[in-house]
Amino acid sequence: MAACILSKGREKRVYQGHPWVFRSDIAEVKGNPTPGDIVDVYSHNGAFLAKAYYNPASQITLRIMSLKDEPIDHGFIARRIHEAIEYRKAFADLHSCRLVFAESDRLPALIVDSFGDVLVLQCLALGIERFKKDIIDALVEELHPAGIYERNDVPVRKLEGLEMSTGTLYGEVPDRVEMIENGIRFLVDVKEGQKTGFFLDQKENRAAIAPFVKEQRVLDCFTHTGSFALHAAHYGASEVIGVDISEYACSFASDNAKLNHLDDRTHFTVANAFDLLSTESRMGNKYDVIILDPPAFTKTRSAVGSALRGYKEINLRAMRMVRPGGYLVTCSCSQHVSSIAFMDMVRDASRDAHVQLRQIEYRTQGRDHPILPAAPETQYLKCAIFQVFA
(Lines give C-alpha, C1' and ligand atoms only; values in the text may rest on other atoms or scores of the structure.)
Protein backbone atom coordinates (compact mmCIF):
# COMPACT_ATOMS: atom_id res chain seq x y z
CA MET A 1 0.00 0.00 0.00
CA ALA A 2 1.31 3.42 -0.96
CA ALA A 3 1.61 5.92 1.85
CA CYS A 4 1.83 9.65 2.52
CA ILE A 5 3.86 10.90 5.47
CA LEU A 6 2.76 14.24 6.88
CA SER A 7 5.12 16.96 8.00
CA LYS A 8 5.62 17.41 11.73
CA GLY A 9 2.64 19.17 13.30
CA ARG A 10 0.41 18.79 10.22
CA GLU A 11 -1.38 15.76 11.67
CA LYS A 12 -3.19 18.02 14.13
CA ARG A 13 -6.02 18.81 11.71
CA VAL A 14 -6.55 15.10 11.05
CA TYR A 15 -6.75 14.37 14.77
CA GLN A 16 -9.26 17.21 15.11
CA GLY A 17 -11.46 15.58 12.47
CA HIS A 18 -10.89 17.65 9.32
CA PRO A 19 -11.22 15.42 6.23
CA TRP A 20 -8.72 17.26 4.00
CA VAL A 21 -4.94 17.14 3.77
CA PHE A 22 -3.31 19.76 1.59
CA ARG A 23 -0.33 19.27 -0.67
CA SER A 24 1.79 21.50 1.57
CA ASP A 25 1.08 19.20 4.57
CA ILE A 26 2.79 16.18 2.98
CA ALA A 27 6.47 15.57 3.65
CA GLU A 28 6.92 12.33 1.69
CA VAL A 29 5.05 10.02 -0.67
CA LYS A 30 6.02 6.34 -0.68
CA GLY A 31 5.14 3.61 -3.16
CA ASN A 32 4.44 5.67 -6.30
CA PRO A 33 0.63 5.89 -6.05
CA THR A 34 -1.26 6.93 -9.17
CA PRO A 35 -3.82 9.74 -8.98
CA GLY A 36 -7.05 8.48 -7.45
CA ASP A 37 -5.45 5.62 -5.51
CA ILE A 38 -6.25 4.89 -1.89
CA VAL A 39 -3.20 5.47 0.31
CA ASP A 40 -2.31 5.13 3.97
CA VAL A 41 -1.69 8.38 5.81
CA TYR A 42 0.91 8.53 8.60
CA SER A 43 2.18 11.16 10.98
CA HIS A 44 5.85 12.18 10.80
CA ASN A 45 6.66 9.68 13.60
CA GLY A 46 4.95 6.73 11.88
CA ALA A 47 1.53 6.69 13.58
CA PHE A 48 -1.31 5.54 11.33
CA LEU A 49 -3.83 8.36 10.76
CA ALA A 50 -6.22 7.46 7.98
CA LYS A 51 -7.09 5.94 4.64
CA ALA A 52 -7.50 8.58 1.95
CA TYR A 53 -7.64 8.93 -1.78
CA TYR A 54 -4.73 10.71 -3.39
CA ASN A 55 -4.49 13.25 -6.19
CA PRO A 56 -1.27 15.29 -6.48
CA ALA A 57 -2.91 17.51 -9.13
CA SER A 58 -5.23 18.98 -6.49
CA GLN A 59 -4.36 21.38 -3.68
CA ILE A 60 -6.47 19.03 -1.53
CA THR A 61 -4.14 16.13 -2.21
CA LEU A 62 -5.70 13.73 0.29
CA ARG A 63 -9.41 13.34 1.09
CA ILE A 64 -9.95 11.08 4.05
CA MET A 65 -12.25 8.10 3.60
CA SER A 66 -11.73 6.40 6.96
CA LEU A 67 -9.82 6.89 10.20
CA LYS A 68 -9.59 3.10 10.51
CA ASP A 69 -7.13 0.79 8.80
CA GLU A 70 -9.80 -0.98 6.74
CA PRO A 71 -10.32 -1.89 3.07
CA ILE A 72 -11.89 0.86 0.96
CA ASP A 73 -13.86 -1.29 -1.44
CA HIS A 74 -17.36 -2.08 -2.71
CA GLY A 75 -18.51 -3.14 0.76
CA PHE A 76 -17.16 0.05 2.33
CA ILE A 77 -19.02 2.24 -0.19
CA ALA A 78 -22.25 0.27 0.32
CA ARG A 79 -22.02 0.72 4.11
CA ARG A 80 -21.45 4.46 3.86
CA ILE A 81 -24.34 4.89 1.41
CA HIS A 82 -26.57 2.84 3.73
CA GLU A 83 -25.56 4.94 6.75
CA ALA A 84 -26.28 8.19 4.91
CA ILE A 85 -29.75 7.02 3.91
CA GLU A 86 -30.55 5.61 7.35
CA TYR A 87 -29.65 8.97 8.93
CA ARG A 88 -32.14 10.77 6.67
CA LYS A 89 -34.95 8.31 7.29
CA ALA A 90 -35.34 9.84 10.75
CA PHE A 91 -36.55 13.22 9.45
CA ALA A 92 -36.54 13.50 5.65
CA ASP A 93 -38.70 12.59 2.69
CA LEU A 94 -36.30 10.38 0.74
CA HIS A 95 -37.98 11.50 -2.48
CA SER A 96 -37.06 15.14 -1.81
CA CYS A 97 -33.70 15.51 -0.11
CA ARG A 98 -29.93 15.35 -0.38
CA LEU A 99 -29.06 11.73 0.23
CA VAL A 100 -25.28 12.13 0.36
CA PHE A 101 -23.50 15.34 1.34
CA ALA A 102 -19.87 14.58 0.56
CA GLU A 103 -17.45 14.92 3.49
CA SER A 104 -20.33 15.30 5.96
CA ASP A 105 -21.40 11.74 5.07
CA ARG A 106 -17.80 10.49 5.02
CA LEU A 107 -17.86 10.09 1.25
CA PRO A 108 -15.66 13.00 0.18
CA ALA A 109 -16.67 14.94 -2.95
CA LEU A 110 -19.80 12.84 -3.58
CA ILE A 111 -23.21 14.51 -3.94
CA VAL A 112 -26.44 12.56 -4.40
CA ASP A 113 -29.78 14.38 -4.60
CA SER A 114 -33.19 12.72 -4.74
CA PHE A 115 -36.10 14.13 -6.75
CA GLY A 116 -39.15 11.92 -6.85
CA ASP A 117 -37.98 8.54 -8.10
CA VAL A 118 -34.84 9.93 -9.81
CA LEU A 119 -31.40 10.38 -8.25
CA VAL A 120 -28.82 12.91 -9.44
CA LEU A 121 -25.16 12.17 -8.79
CA GLN A 122 -22.03 14.33 -8.81
CA CYS A 123 -18.48 13.03 -8.35
CA LEU A 124 -16.37 16.12 -7.74
CA ALA A 125 -12.96 14.49 -7.29
CA LEU A 126 -10.93 11.80 -9.01
CA GLY A 127 -10.78 9.51 -5.99
CA ILE A 128 -14.55 9.20 -5.64
CA GLU A 129 -14.99 8.92 -9.42
CA ARG A 130 -13.11 5.63 -9.20
CA PHE A 131 -15.97 4.24 -7.10
CA LYS A 132 -18.81 5.44 -9.33
CA LYS A 133 -20.00 1.94 -10.25
CA ASP A 134 -19.97 0.89 -6.59
CA ILE A 135 -21.97 4.01 -5.71
CA ILE A 136 -24.57 3.31 -8.38
CA ASP A 137 -24.85 -0.34 -7.29
CA ALA A 138 -25.37 0.72 -3.66
CA LEU A 139 -27.99 3.34 -4.52
CA VAL A 140 -29.94 0.87 -6.63
CA GLU A 141 -29.78 -1.74 -3.89
CA GLU A 142 -30.99 0.74 -1.24
CA LEU A 143 -33.64 2.73 -3.11
CA HIS A 144 -34.54 1.04 -6.42
CA PRO A 145 -34.85 4.37 -8.27
CA ALA A 146 -36.41 4.71 -11.70
CA GLY A 147 -33.22 6.36 -12.90
CA ILE A 148 -29.87 7.86 -11.92
CA TYR A 149 -28.48 10.84 -13.80
CA GLU A 150 -24.97 12.26 -13.53
CA ARG A 151 -24.40 16.01 -13.49
CA ASN A 152 -20.65 15.92 -13.66
CA ASP A 153 -20.56 19.17 -15.61
CA VAL A 154 -18.94 21.06 -12.73
CA PRO A 155 -15.78 23.11 -13.45
CA VAL A 156 -14.11 21.94 -10.23
CA ARG A 157 -13.63 18.55 -11.90
CA LYS A 158 -11.06 20.14 -14.21
CA LEU A 159 -8.91 20.89 -11.16
CA GLU A 160 -8.96 17.15 -10.46
CA GLY A 161 -7.95 16.29 -14.03
CA LEU A 162 -11.44 15.02 -14.84
CA GLU A 163 -13.60 15.59 -17.89
CA MET A 164 -17.04 17.13 -17.49
CA SER A 165 -19.89 14.81 -18.39
CA THR A 166 -23.64 14.33 -18.08
CA GLY A 167 -25.94 11.44 -18.87
CA THR A 168 -28.12 8.62 -17.61
CA LEU A 169 -26.21 6.12 -15.49
CA TYR A 170 -29.09 3.80 -14.67
CA GLY A 171 -32.70 3.27 -15.74
CA GLU A 172 -34.63 6.08 -17.41
CA VAL A 173 -34.64 9.81 -16.60
CA PRO A 174 -37.24 12.17 -18.10
CA ASP A 175 -36.42 15.77 -19.01
CA ARG A 176 -38.59 16.95 -16.14
CA VAL A 177 -38.95 15.09 -12.86
CA GLU A 178 -41.78 15.82 -10.43
CA MET A 179 -41.19 15.91 -6.69
CA ILE A 180 -43.07 17.18 -3.64
CA GLU A 181 -41.46 19.56 -1.14
CA ASN A 182 -43.39 20.64 1.95
CA GLY A 183 -46.64 19.64 0.23
CA ILE A 184 -45.89 21.62 -2.95
CA ARG A 185 -45.36 19.97 -6.33
CA PHE A 186 -42.25 20.99 -8.26
CA LEU A 187 -40.97 20.07 -11.69
CA VAL A 188 -37.20 19.70 -11.66
CA ASP A 189 -34.94 19.92 -14.70
CA VAL A 190 -32.27 17.48 -13.62
CA LYS A 191 -30.57 17.53 -17.03
CA GLU A 192 -30.16 21.25 -17.70
CA GLY A 193 -31.07 23.06 -14.47
CA GLN A 194 -28.58 24.74 -12.16
CA LYS A 195 -26.40 22.41 -10.07
CA THR A 196 -28.45 19.20 -9.78
CA GLY A 197 -31.66 20.95 -10.85
CA PHE A 198 -33.07 22.28 -7.57
CA PHE A 199 -31.70 23.80 -4.35
CA LEU A 200 -32.70 21.34 -1.66
CA ASP A 201 -30.64 23.02 1.05
CA GLN A 202 -33.33 25.69 1.60
CA LYS A 203 -36.18 23.22 2.12
CA GLU A 204 -36.52 23.78 5.87
CA ASN A 205 -35.99 27.53 5.51
CA ARG A 206 -38.76 27.75 2.92
CA ALA A 207 -41.11 26.06 5.40
CA ALA A 208 -40.04 28.55 8.08
CA ILE A 209 -41.64 31.52 6.25
CA ALA A 210 -45.16 30.15 6.79
CA PRO A 211 -46.08 32.33 9.82
CA PHE A 212 -45.02 35.56 8.11
CA VAL A 213 -46.61 35.46 4.66
CA LYS A 214 -50.32 34.77 5.18
CA GLU A 215 -52.44 37.43 3.43
CA GLN A 216 -49.27 39.39 2.67
CA ARG A 217 -47.83 40.93 -0.50
CA VAL A 218 -44.51 39.15 -1.14
CA LEU A 219 -41.54 39.92 -3.40
CA ASP A 220 -39.19 36.98 -4.05
CA CYS A 221 -35.91 38.08 -5.66
CA PHE A 222 -33.65 35.57 -7.43
CA THR A 223 -36.62 33.20 -7.49
CA HIS A 224 -35.01 30.62 -9.84
CA THR A 225 -37.81 28.11 -10.50
CA GLY A 226 -40.10 29.65 -7.90
CA SER A 227 -39.35 27.68 -4.76
CA PHE A 228 -39.69 30.46 -2.14
CA ALA A 229 -42.42 32.19 -4.17
CA LEU A 230 -44.60 29.10 -4.34
CA HIS A 231 -44.10 28.40 -0.66
CA ALA A 232 -45.32 31.93 0.10
CA ALA A 233 -48.42 31.41 -2.06
CA HIS A 234 -49.00 27.94 -0.60
CA TYR A 235 -48.90 29.42 2.91
CA GLY A 236 -51.57 31.98 2.04
CA ALA A 237 -49.89 35.09 0.62
CA SER A 238 -52.37 37.36 -1.17
CA GLU A 239 -49.91 38.23 -3.95
CA VAL A 240 -46.44 36.95 -4.82
CA ILE A 241 -44.08 38.45 -7.37
CA GLY A 242 -41.04 36.37 -8.28
CA VAL A 243 -38.07 37.94 -10.04
CA ASP A 244 -35.24 36.26 -11.90
CA ILE A 245 -32.86 37.39 -14.64
CA SER A 246 -33.39 34.10 -16.51
CA GLU A 247 -36.38 33.93 -18.83
CA TYR A 248 -36.09 30.13 -18.75
CA ALA A 249 -36.24 30.11 -14.94
CA CYS A 250 -39.30 32.37 -14.87
CA SER A 251 -41.07 30.22 -17.46
CA PHE A 252 -40.26 27.12 -15.42
CA ALA A 253 -41.49 28.83 -12.24
CA SER A 254 -44.76 29.72 -13.99
CA ASP A 255 -45.22 26.07 -14.92
CA ASN A 256 -44.68 25.12 -11.27
CA ALA A 257 -47.28 27.68 -10.20
CA LYS A 258 -49.83 26.24 -12.63
CA LEU A 259 -49.02 22.73 -11.43
CA ASN A 260 -50.12 23.80 -7.93
CA HIS A 261 -53.04 26.00 -9.07
CA LEU A 262 -51.28 29.01 -7.55
CA ASP A 263 -50.90 30.99 -10.78
CA ASP A 264 -53.78 33.33 -9.87
CA ARG A 265 -51.72 34.82 -7.01
CA THR A 266 -48.18 34.21 -8.26
CA HIS A 267 -46.52 36.15 -11.06
CA PHE A 268 -42.97 35.96 -12.38
CA THR A 269 -40.99 38.82 -13.90
CA VAL A 270 -37.80 38.57 -15.95
CA ALA A 271 -35.51 41.26 -14.54
CA ASN A 272 -32.15 41.93 -12.97
CA ALA A 273 -32.99 41.91 -9.25
CA PHE A 274 -30.41 44.63 -8.52
CA ASP A 275 -32.03 46.93 -11.08
CA LEU A 276 -35.57 46.11 -9.99
CA LEU A 277 -34.81 46.75 -6.32
CA SER A 278 -33.10 50.03 -7.21
CA THR A 279 -36.02 51.22 -9.35
CA GLU A 280 -38.79 50.16 -6.99
CA SER A 281 -36.94 51.55 -3.99
CA ARG A 282 -36.69 54.97 -5.64
CA MET A 283 -40.38 54.78 -6.57
CA GLY A 284 -41.33 54.09 -2.97
CA ASN A 285 -42.98 50.74 -3.67
CA LYS A 286 -43.67 48.69 -0.55
CA TYR A 287 -44.09 44.98 0.21
CA ASP A 288 -45.10 43.15 3.35
CA VAL A 289 -42.39 40.51 2.90
CA ILE A 290 -39.25 40.52 0.75
CA ILE A 291 -37.17 37.40 0.18
CA LEU A 292 -33.55 37.61 -1.01
CA ASP A 293 -32.03 34.27 -2.02
CA PRO A 294 -29.26 35.18 -4.48
CA PRO A 295 -26.71 32.84 -6.03
CA ALA A 296 -23.24 32.80 -4.51
CA PHE A 297 -21.65 36.19 -5.12
CA THR A 298 -18.15 34.76 -4.73
CA LYS A 299 -16.42 31.41 -5.18
CA THR A 300 -13.08 32.64 -3.75
CA ARG A 301 -11.81 34.32 -0.58
CA SER A 302 -10.23 37.09 -2.62
CA ALA A 303 -13.63 38.37 -3.81
CA VAL A 304 -15.39 38.44 -0.42
CA GLY A 305 -15.23 42.23 -0.20
CA SER A 306 -16.96 42.65 -3.53
CA ALA A 307 -19.55 40.02 -2.59
CA LEU A 308 -20.38 41.79 0.66
CA ARG A 309 -20.90 45.06 -1.21
CA GLY A 310 -23.37 43.26 -3.48
CA TYR A 311 -25.20 41.74 -0.52
CA LYS A 312 -25.33 45.11 1.21
CA GLU A 313 -26.80 46.81 -1.86
CA ILE A 314 -29.72 44.42 -2.25
CA ASN A 315 -30.39 44.23 1.48
CA LEU A 316 -30.33 48.01 1.93
CA ARG A 317 -32.82 48.53 -0.90
CA ALA A 318 -35.04 45.71 0.29
CA MET A 319 -35.11 47.09 3.85
CA ARG A 320 -36.36 50.42 2.51
CA MET A 321 -39.13 48.61 0.60
CA VAL A 322 -40.51 46.53 3.48
CA ARG A 323 -43.50 48.22 5.10
CA PRO A 324 -42.98 49.02 8.80
CA GLY A 325 -43.60 45.82 10.74
CA GLY A 326 -43.07 43.64 7.67
CA TYR A 327 -40.42 40.98 7.18
CA LEU A 328 -37.14 40.50 5.35
CA VAL A 329 -35.89 36.99 4.62
CA THR A 330 -32.27 37.30 3.51
CA CYS A 331 -29.87 34.53 2.51
CA SER A 332 -26.33 33.88 1.36
CA CYS A 333 -24.94 30.60 0.01
CA SER A 334 -21.42 31.98 -0.44
CA GLN A 335 -19.19 29.62 1.53
CA HIS A 336 -16.44 32.21 1.93
CA VAL A 337 -18.81 34.76 3.49
CA SER A 338 -18.86 33.87 7.18
CA SER A 339 -21.91 34.19 9.40
CA ILE A 340 -20.16 37.02 11.26
CA ALA A 341 -19.42 38.90 8.02
CA PHE A 342 -22.98 38.33 6.81
CA MET A 343 -24.52 39.72 10.00
CA ASP A 344 -22.12 42.68 10.00
CA MET A 345 -23.30 43.42 6.45
CA VAL A 346 -26.95 43.26 7.56
CA ARG A 347 -26.28 45.70 10.41
CA ASP A 348 -24.46 48.11 8.09
CA ALA A 349 -27.32 47.94 5.58
CA SER A 350 -29.95 48.61 8.25
CA ARG A 351 -28.03 51.62 9.51
CA ASP A 352 -27.73 53.10 6.00
CA ALA A 353 -31.39 52.29 5.27
CA HIS A 354 -32.40 54.06 8.52
CA VAL A 355 -34.45 51.11 9.74
CA GLN A 356 -34.40 48.95 12.83
CA LEU A 357 -34.34 45.17 12.63
CA ARG A 358 -35.67 42.57 15.01
CA GLN A 359 -34.18 39.13 14.43
CA ILE A 360 -36.85 36.44 14.35
CA GLU A 361 -34.73 33.49 13.26
CA TYR A 362 -31.20 32.75 12.12
CA ARG A 363 -30.97 29.53 10.18
CA THR A 364 -28.55 27.48 8.09
CA GLN A 365 -28.85 24.60 5.62
CA GLY A 366 -31.28 21.73 6.21
CA ARG A 367 -30.48 18.62 8.23
CA ASP A 368 -29.96 16.64 5.03
CA HIS A 369 -26.88 18.87 4.52
CA PRO A 370 -25.22 18.08 7.89
CA ILE A 371 -22.32 20.14 9.20
CA LEU A 372 -18.99 18.88 10.53
CA PRO A 373 -17.81 21.10 13.41
CA ALA A 374 -14.23 20.19 12.50
CA ALA A 375 -14.72 21.36 8.89
CA PRO A 376 -16.21 24.87 8.70
CA GLU A 377 -16.36 24.48 4.92
CA THR A 378 -19.37 22.17 5.35
CA GLN A 379 -21.46 25.06 6.71
CA TYR A 380 -22.11 27.57 3.97
CA LEU A 381 -25.77 28.67 3.99
CA LYS A 382 -27.00 31.68 5.96
CA CYS A 383 -30.73 32.46 6.20
CA ALA A 384 -32.05 35.16 8.51
CA ILE A 385 -35.61 36.37 9.07
CA PHE A 386 -35.98 39.93 10.37
CA GLN A 387 -38.89 42.18 11.21
CA VAL A 388 -38.31 45.68 9.87
CA PHE A 389 -39.30 48.89 11.63
CA ALA A 390 -38.97 52.43 10.28
Side-chain angles (χ1 to χ4, degrees), residues 74-75 77-89 92-102 105 107 109-126 128-157 162-203 224-227 230 246 248-249 251-261 366 368-369:
H74 178 90
I77 297 296
R79 287 194 302 275
R80 287 286 164 88
I81 295 284
H82 176 76
E83 290 165 2
I85 292 170
E86 285 297 305
Y87 159 67
R88 286 157 178 83
K89 283 181 179 178
D93 174 2
L94 294 186
H95 297 286
S96 171
C97 77
R98 175 153 291 182
L99 293 174
V100 179
F101 185 42
D105 284 301
L107 287 166
L110 175 65
I111 300 294
V112 183
D113 284 345
S114 176
F115 306 111
D117 56 1
V118 168
L119 308 181
V120 182
L121 178 149
Q122 290 183 319
C123 294
L124 304 178
L126 175 60
I128 204 70
E129 177 87 5
R130 292 273 193 94
F131 292 98
K132 189 159 69 173
K133 184 180 184 305
D134 296 317
I135 294 163
I136 295 165
D137 289 347
L139 291 169
V140 171
E141 178 67 23
E142 288 284 337
L143 298 170
H144 310 289
I148 301 176
Y149 197 82
E150 71 171 327
R151 284 297 302 272
N152 286 326
D153 50 351
V154 187
V156 70
R157 281 172 60 92
L162 291 166
E163 296 293 325
M164 293 198 287
S165 61
T166 62
T168 301
L169 299 173
Y170 170 84
E172 295 183 358
V173 178
D175 292 340
R176 289 186 172 189
V177 177
E178 184 175 326
M179 72 162 188
I180 298 176
E181 177 183 279
N182 299 322
I184 305 168
R185 298 164 69 192
F186 285 96
L187 297 171
V188 180
D189 184 352
V190 300
K191 295 182 178 179
E192 301 291 340
Q194 292 184 35
K195 299 290 182 70
T196 60
F198 192 88
F199 299 106
L200 292 164
D201 52 3
Q202 290 275 31
K203 180 177 183 176
H224 190 225
T225 55
S227 52
L230 294 186
S246 166
Y248 171 78
S251 174
F252 211 100
S254 295
D255 290 345
N256 281 330
K258 292 173 185 174
L259 185 66
N260 291 277
H261 308 291
D368 57 343
H369 293 64

Please round to the nearest 0.5 Å and tell me the distance separating atom [atom1] of [X] and atom [atom2] of [Y].
X: Asp175; Y: Glu192; atom1: CG; atom2: CD; answer: 8.5 Å
X: Met164; Y: Thr166; atom1: CE; atom2: OG1; answer: 10.0 Å
X: Ile184; Y: Lys203; atom1: CD1; atom2: NZ; answer: 10.5 Å
X: Asp368; Y: Asp201; atom1: CG; atom2: CG; answer: 8.0 Å

Thr196 and Phe115, any side-chain heavy atoms less than 4.5 Å apart: yes
Flag side-chain contact, heavy atom, 4.5 Å: Asp137 against Ile81: no
Carboxylate-amine/guanidinium proximity below 4.0 Å for Arg176 and Asp189: no
Sidechain N-carboxylate O distance under 4.0 Å for Asp105, Arg88: yes
Tell me, yes or no, whether the heavy-atom count around [X] atom [atom1], taken from other residues, nucleotides or ligands under 6.0 Å, exceeds 12.
X: Glu86; atom1: CD; answer: yes
X: Glu141; atom1: CD; answer: no
X: Lys132; atom1: NZ; answer: yes

Chi angles and distances behind the side chain to side chain contact (heavy atoms under 4.5 Å, CB included) call for His82, Glu142: CA-CA 7 Å; His82 176 76; Glu142 288 284 337; 2.8 Å; yes
